[in-house]
There are 2 protein chains.
Amino acid sequence: MRKKVSTLKEIAQKLDLSTSTVSRALNDHPDISTTTKQKVQKLANKLHYTPNIFAQGFRKNKTNIIGVIVPNVTHYFSSTLIKGILKEADIKGYKVIITESNNDIKKQSEMLQTMAQFGVDGILMSVSKKTKSFTDILDIMNRIPLVLFDKVSYKIPCTQIVVNEAEASYKAIEHLIQTGKKRIAIIKENKFSYNSERRYEGYLKALKQNNIEIDNKIIVSCEDLNLEQGRRMTKLLLSLKHKPDAIFTITDSAAIGVIKTLKRFKIKIPREIAVVGFSNSLYSTIIEPKLTTIDQPGEKIGKTAVTYLINEIENPEERTTSKTVEIATNLIVRDSSLKISY
Amino acid sequence: MRKKVSTLKEIAQKLDLSTSTVSRALNDHPDISTTTKQKVQKLANKLHYTPNIFAQGFRKNKTNIIGVIVPNVTHYFSSTLIKGILKEADIKGYKVIITESNNDIKKQSEMLQTMAQFGVDGILMSVSKKTKSFTDILDIMNRIPLVLFDKVSYKIPCTQIVVNEAEASYKAIEHLIQTGKKRIAIIKENKFSYNSERRYEGYLKALKQNNIEIDNKIIVSCEDLNLEQGRRMTKLLLSLKHKPDAIFTITDSAAIGVIKTLKRFKIKIPREIAVVGFSNSLYSTIIEPKLTTIDQPGEKIGKTAVTYLINEIENPEERTTSKTVEIATNLIVRDSSLKISY
DNA sequence: AACGTTCCCGCAATCGTTTGCGGTAGAAAA
DNA sequence: TTTTCTACCGCAAACGATTGCGGGAACGTT
């Protein structure tokens, strides 16, 4: 069994001190003399003493656990976020409990509940894009520090860590325009997806600033974009009389579908139609031609989110001011779009 | 703050009962009358009572947390394992704490320590292939139930959940032979990698059973196989006078490197050289030609591991018998290998 | 010598829950 | 009526660490 661990009492007895003294000695309390501290430290090391985390948490009402809720751990981007979270949390001495919401709002609010009930010190969440009611989230927020990342919502007044989506897609479209493309299609999700909408914003802005007409025929949307949907949307775009000369998808996996379909129809990439994705996923260098896409620094986002969350946990006065932190992205030009020629 | 939660004492006071009675009522203890139980239940629901997990854990020395240690969460296969773990743990009422070892044995043993000190009820681990000393693992094992999965070691006497690696690669090689290939190369890792060795076993067995000569020139190894190494190894194999007509890699990502290199050298896949990978990673359908590979059901492995672990946690007598559970794999034939012609 | 300080340290309560043991009321048996 | 037996329930200790408070010893100050 687990009863091999030593307790404060044991140390106290062996040293003929009280448990309080031992506790204070270990916590470097000023009331304790240096000699006593040293003696206690020494014996504690020898006995491999480690404080019982439950007694501690129980007493201090602190668990040093942060809860993380993501839609799906198998998405590459999610996993890079998690990597960053784990790394930073480890450094700061926190443990991480991870759960999946699977984009199911019922599950999501359930997870929120159990996390709270479990007593995590703070919650890091990527909100499901289907979330329509925020009451439960707001409720939790009153009790536990919450930081949103990646998929956020302006309806929740807490600190949010995001990439500058609009700017990122603005850069992507700018790039396409600079390479001479004039009829740029976008494949996006419907308006309930926060990220999709912001990326769409950037698209619109870039076109407007370059005096390019916005044509709704080459703006296609669907729910839950994926490779298959990418394929379908591409066929739709190819059936147009006036075809696009570039396709921007708000997702890498959709972009893969686009490329595969274009290749099947023997359309030259990027000369006839250029393709740009979003995410810099693992696929992007596997597919041929290699995909031009936007790199979202997942690890950095995760790390930043943890930093802000722990800050709010440890400094409750910080909790009132909710900020939005934007992480910069990079456009990575590969073979699916033209190079700029001077 | 968090002080909104109600306690046993509160309920007891409002109902003019003792906390013990309330506790027993909530735990469905036979000593308590049905009417009392109902009253308690009702009020508990009304007050949104949830037991303080720390007081509980403190008292019962049980946390309902299982610790998971994997080398790298961003590997697709790892993330599917995690998905399975999360799902099953959630069903069984356990929380999951995840950490990465990054294939660093120091980190790994550190993680093991903090998990133990943290008081997890059990540990699920995929051991780093560099692990040479097992003393710390064995030490932990005496205190906490441990189940190994994916990357295991026969030097640790605990239950292990693996795919039948040897059989899987045997199937792969058999398939290649049946499609007429006679000179089959293998790209593997060095002998410190448990998985690699077992896959190599299957390779050897298949060749022997089909009376095919084993040629060490087309058996190439390296440490930490990846896409780049796949490329390098392929060039090495192509430089041979007597080239292989099929390449089996023990990793999908290496297989991608192989395919990319073969394409660069204008070698027809699968006619001149067929390629088979291992893992059924996400890449396998992105690359062209699509990769023939072995599907490892990650979610199922994760789920199974959790099941066995919780069984050992809740039934200490089970802990003595250590079993090896093998999960079946499937060969998925795609375009990088020939179809069998009858 | 009497008093005030400072430095260390111990006592005991506390956190919320569980559980062994003992106790009481009421019913049933004598 | 007395005794025995259930069926229910409460008392209090326990888990391990933390902390307010109080106190003794040693020293310095008048």
Side-chain angles (χ1 to χ4, degrees), chain A residues 1-41 43-44 47-65 93 116-121 143, chain B residues 1-41 43-44 47-65 93 116-121 143:
Chain A
M1 292 293 117
R2 197 176 310 171
K3 289 280 83 224
K4 249 183 54 191
V5 294
S6 48
T7 70
L8 276 191
K9 204 198 285 181
E10 269 183 66
I11 300 184
Q13 280 170 353
K14 298 207 181 177
L15 253 38
D16 210 25
L17 289 171
S18 71
T19 58
S20 12
T21 303
V22 176
S23 170
R24 279 189 261 255
L26 257 16
N27 290 323
D28 205 27
H29 193 284
D31 265 12
I32 308 297
S33 69
T34 338
T35 54
T36 307
K37 277 183 193 169
Q38 283 172 347
K39 269 196 304 188
V40 172
Q41 286 284 4
L43 185 60
L47 297 183
H48 297 108
Y49 168 79
T50 59
N52 180 316
I53 223 105
F54 281 91
Q56 248 179 358
F58 178 40
R59 189 73 225 286
K60 306 206 284 195
N61 221 31
K62 180 138 193 321
T63 64
N64 269 46
I65 301 181
Q117 139 176 196
F118 196 83
V120 296
D121 291 341
R143 303 191 281 145
Chain B
M1 291 293 119
R2 197 177 309 171
K3 289 282 80 213
K4 248 182 55 190
V5 293
S6 48
T7 71
L8 278 189
K9 204 197 286 182
E10 269 183 66
I11 300 184
Q13 280 170 355
K14 298 206 181 177
L15 253 39
D16 209 25
L17 289 171
S18 71
T19 59
S20 12
T21 303
V22 176
S23 171
R24 278 189 262 256
L26 257 15
N27 290 322
D28 204 28
H29 193 284
D31 265 12
I32 308 297
S33 69
T34 338
T35 54
T36 307
K37 277 184 193 167
Q38 283 172 347
K39 270 196 303 187
V40 172
Q41 285 285 5
L43 185 60
L47 297 183
H48 297 108
Y49 168 78
T50 59
N52 179 316
I53 219 104
F54 281 92
Q56 246 179 2
F58 179 39
R59 188 73 225 287
K60 305 205 286 193
N61 220 32
K62 181 142 191 320
T63 64
N64 269 46
I65 301 182
Q117 139 176 197
F118 196 82
V120 297
D121 291 342
R143 303 192 281 145

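Just so it is clear, the model here is predicted, and its values are computed rather than measured. The sequence lines fix the lettering, A, B, ..., with proteins before strands; numbering per chain opens at 1.
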Separation of C/dT17 P from B/K9 NZ (nearest whole Å): 10 Å
Atom-to-atom span, CG of B/N61 to P of D/dC15 - whole angstrom: 11 Å
Distance-only donor-acceptor test (3.5 Å): side chain A/R59, base C/dT14: yes
Test side chain to side chain donor-acceptor pair (under 3.5 Å) applied to B/N52 - qualifying residues, sequence neighbours left out: none
Value in whole Å for how far the P atom of C/dT18 lies from NZ of B/K62: 13 Å
B/Q56 vs C/dG16: side-chain N/O to OP1/OP2 distance below 4.0 Å: no
Side chain of A/T7 - closest among D/dT18, C/dT17, D/dG16: D/dG16
Proximal nucleotide (of D/dT18, C/dG16, C/dC9) relative to the A/L17 side chain: C/dC9
By side chain to side chain donor-acceptor pair (under 3.5 Å) - contacts of B/S20 (at least two apart): B/S18
A/L8 CG to D/dA14 P, straight-line distance once rounded to whole Å: 18 Å
Non-neighbouring partners of B/T36 that pass side chain to side chain contact (heavy atoms under 4.5 Å, CB included), sequence neighbours left out: B/L17, B/T21, B/I32, B/S33, B/V40
Interatomic distance, B/L26 CG vs C/dT19 P [rounded to whole Å]: 13 Å
Nearest to side-chain heavy atoms of B/T19, which nucleotide of C/dT18, D/dG16, D/dC9: C/dT18
Pairs flagged by salt bridge (Lys or Arg N to Asp or Glu O under 4.0 Å) wherever residues 11-29 of chain A is involved - sequence neighbours left out: A/D28-A/K37
Touch class at under 4.0 angstrom, heavy-atom based, for B/S23 against every strand present: base
Minimum-distance nucleotide to A/T36 side chain [options: D/dA17, C/dT17, C/dC8]: C/dC8
Letter per nucleotide, 5' to 3', of nucleotides 20-28 of chain C [B base touched, S only sugar-phosphate touched, - untouched; heavy atoms, 4.0 Å]: B--------
